[in-house]
Amino acid sequence: MAIPQRILKELAQPYALTDEQLRFYDTHRFIKLKQVLSPAAIACFRDVISEQVAKMNTIKTTLQERDTYGKAFLQLFNLWRENEDVRALIFSKRLGKIAADLMQVEGVRMYHDQALFKEGGGGITPWHADQYYWPLQTDKTITAWIPLQETPLEMGPLEFSAGSHQIVEGRELAIGDESETLIQQRLRVTDFQHVIEAFDLGEISFHSGWVFHRAGANTTDEMRRVMTIIYMDRDMRLKAPENKNQQNDWDTWCPGAKIGEIIDTPINPVLYEPA
């Protein structure tokens, strides 16, 4: 399908952030923003992305046969390279400018995108920090979490530990049972607020790579459909990998990039910079 012109126009229009919102993100390293996308845009991309996920998904096992990570969601990557309609969302100047403004950088480029579809009856997404996986030199990273439907607590919306980017313990943990247990224990003895809220239709969250977050189980019988875009500073440089997952990410998401140099490869295009 072709994306309607009115939606393409919407994706190009800036979303104004207030000084208060910028300060909130700088302090807590996450923010939820309402009415970023219209109901029409959400409905359009829900259909487009759901169809692409169905084409790309190769998992045939039941939920009961999977481990904790496998029960958390169906995870498909870089849909923008497979589908021009999905690409329209991923390359949205509206979303890219929000990411750049929140990180206070001149421009942003692609790290990668991923669809995260939590099936009805799907399990928790354990506590973790995304940047454990990323061979990136600074913390100028941000993920847009875009629910493709209203997402009540029963569906397992994203939860945040506000300001927890300051914690070093737990950064070395991959997503799994251990990260859920150990990070939860660590967060219990801190003053960081645990934020767990539903998402309205068109509401999007943005969170930094080092803020700890999780998601609850989907106790409904409907699929929780979410699209994510991981942005990095336009001038982000590759660092030497510190674990096997960072090496895998270098090979997969930054092929050809060199340690100490700006990550400027064909699959890391600039998504937003001032005209």
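One is the number of the first residue; the rest follow in order along the sequence.
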Side-chain donor/acceptor of Arg237 to backbone N/O of Gly260, under 3.5 Å = yes
Do Leu8 and Leu37 sit in the same hydrophobic cluster, where Ile, Leu, Val, Met, Phe, Trp and Tyr count as joined when their side-chain heavy atoms come under 4.5 Å apart?
-> yes
Please check if atom CD in Gln247 has more than 12 non-hydrogen atoms from other residues, nucleotides or ligands closer than 6.0 Å.
-> yes
Should the pair Asp235-Lys140 be classified as a salt bridge under the 4.0 Å nitrogen-to-oxygen rule?
-> no
Would Asp249 and His112 count as having a side-chain donor-acceptor pair, cut-off 3.5 Å?
-> no
So CG of Leu95 and CG of Leu33: to nearest 0.5 Å the spacing works out to 10.0 Å
Hey, is the main chain of Ile263 close enough, under 3.5 Å, to the side chain of Arg109 for a donor-acceptor pair?
-> yes
Report the residue from Glu159, Lys118, Arg214, His213 that forms a side chain to side chain donor-acceptor pair (under 3.5 Å) with Thr125.
-> Lys118
N/O donor-acceptor pair under 3.5 Å between Asn78 side chain and Arg81 backbone = no
Answer with yes or no whether the hydrophobic clustering places Met236 together with Ile262; edges join I, L, V, M, F, W, Y residues whose side-chain heavy atoms lie under 4.5 Å apart.
-> no
So CD1 of Ile196 and OG of Ser161: to nearest 0.5 Å the spacing works out to 12.5 Å
Distance, nearest 0.5 Å, that separates CZ of Phe117 from CZ of Arg225 = 6.0 Å
Gap between atom CG of Leu238 and atom NZ of Lys258 - 0.5 Å precision = 11.5 Å
Shortest non-hydrogen contact between Pro14 and Arg94, atoms and distance = O-NH1, 3.3 Å
Quick check: does any side chain N or O of Thr265 sit under 3.5 Å from a backbone N or O of Gly256, one acting as donor and the other as acceptor?
-> no
Can any side-chain N or O of Glu273 pair as donor or acceptor with the backbone N or O of Arg234 at less than 3.5 Å?
-> no
Rounded to the nearest 0.5 angstrom, the SG-CE distance for Cys254 and Met110 is 11.5 Å
Looking only at heavy atoms, the pair that brings Lys239 and Gln246 closest together is CE-OE1, 3.4 Å
Would you name the heavy atoms of Tyr231 and Ala99 that are closest together and state the gap between them?
-> CD1-CB, 3.6 Å
Going through the checks in order, is the side chain to side chain contact (heavy atoms under 4.5 Å, CB included) test met by Gln52 and Val48?
-> CA-CA 6 Å; Gln52 187 61 38; Val48 166; 5.7 Å; no
CD/Gln13: more than 12 non-hydrogen atoms of other groups inside 6.0 Å | yes
Can you list the steps and then say if Leu79 with Ile90 is a side chain to side chain contact (heavy atoms under 4.5 Å, CB included)?
-> CA-CA 9 Å; Leu79 277 65; Ile90 305 307; over 6 Å; no
Leu17 and Ile31, any side-chain heavy atoms less than 4.5 Å apart | no
Where the side chain of Arg224 meets the backbone of Leu116, is there a donor-acceptor pair that is under 3.5 Å apart?
-> yes
Minimum heavy-atom distance between Thr138 and Gln131, given as atom pair plus value = O-NE2, 2.8 Å
Paired with Thr143, the side chain to side chain contact (heavy atoms under 4.5 Å, CB included) test is passed by just one of Leu158, Val211, Thr228, Ile229, namely Thr228
Euclidean distance, Phe192 CZ relative to His28 NE2, rounded to 0.5 Å | 11.0 Å
Please name the residue in the list Met155, Lys34, Lys32 that meets the side chain to side chain contact (heavy atoms under 4.5 Å, CB included) test with Phe199.
-> Lys32
Give a yes or no answer on whether the side chain of Asn268 reaches the backbone of Trp253 with a donor-acceptor pair at less than 3.5 Å.
-> yes
Side chain to side chain contact (heavy atoms under 4.5 Å, CB included) evaluation trace for Trp134 with Thr141 | CA-CA 10 Å; Trp134 302 342; Thr141 61; 3.5 Å; yes
Is the closest side-chain heavy-atom distance between Leu76 and Glu82 below 4.5 Å?
-> no
With ring-ring contact (aromatic ring centres under 6.0 Å, His included) as the test, would you mind laying out the steps for Phe30 and Phe24 before giving the verdict?
-> CA-CA 8 Å; Phe30 86 92; Phe24 182 95; 5.5 Å; yes
Side-chain contact test, heavy atoms from C-beta onward, threshold under 4.5 Å: evaluate it for Glu197 versus Pro157 and give yes or no.
-> no
Check: Asp113 side chain, Trp80 main-chain N or O, donor-acceptor pair, under 3.5 Å = yes
Do the side chain of Asn248 and the main chain of Thr252 share a donor and acceptor less than 3.5 angstrom apart?
-> no
Do the side chains of Met223 and Leu153 join up, straight or via other hydrophobic residues, at under 4.5 Å, putting them in one cluster?
-> no
Is the backbone of Ala16 close enough, under 3.5 Å, to the side chain of Thr18 for a donor and an acceptor to pair up by distance?
-> no
Quick one: do Val270 and Ile98 end up in the same hydrophobic cluster if we chain Ile, Leu, Val, Met, Phe, Trp and Tyr together by side-chain heavy atoms under 4.5 Å apart?
-> no
What are the two closest heavy atoms between Asp85 and Phe45, and how far apart are they?
-> O-CE2, 3.3 Å
Please report the closest heavy-atom contact between Leu22 and Asp101, naming both atoms and the distance.
-> CD2-O, 3.6 Å
Output field: ring centroids Phe91/Tyr272 closer than 6.0 Å = no
Give the intermediate values and the outcome of side chain to side chain contact (heavy atoms under 4.5 Å, CB included) for residues Val108 and Ile142.
-> CA-CA 10 Å; Val108 292; Ile142 197 168; 5.6 Å; no
Does one side chain, of Gln149 or Thr151, offer a donor that lies under 3.5 Å from an acceptor on the other?
-> yes
Below 4.5 Å, heavy atoms only, C-beta onward: do His165 and Asp139 meet side chain to side chain?
-> no
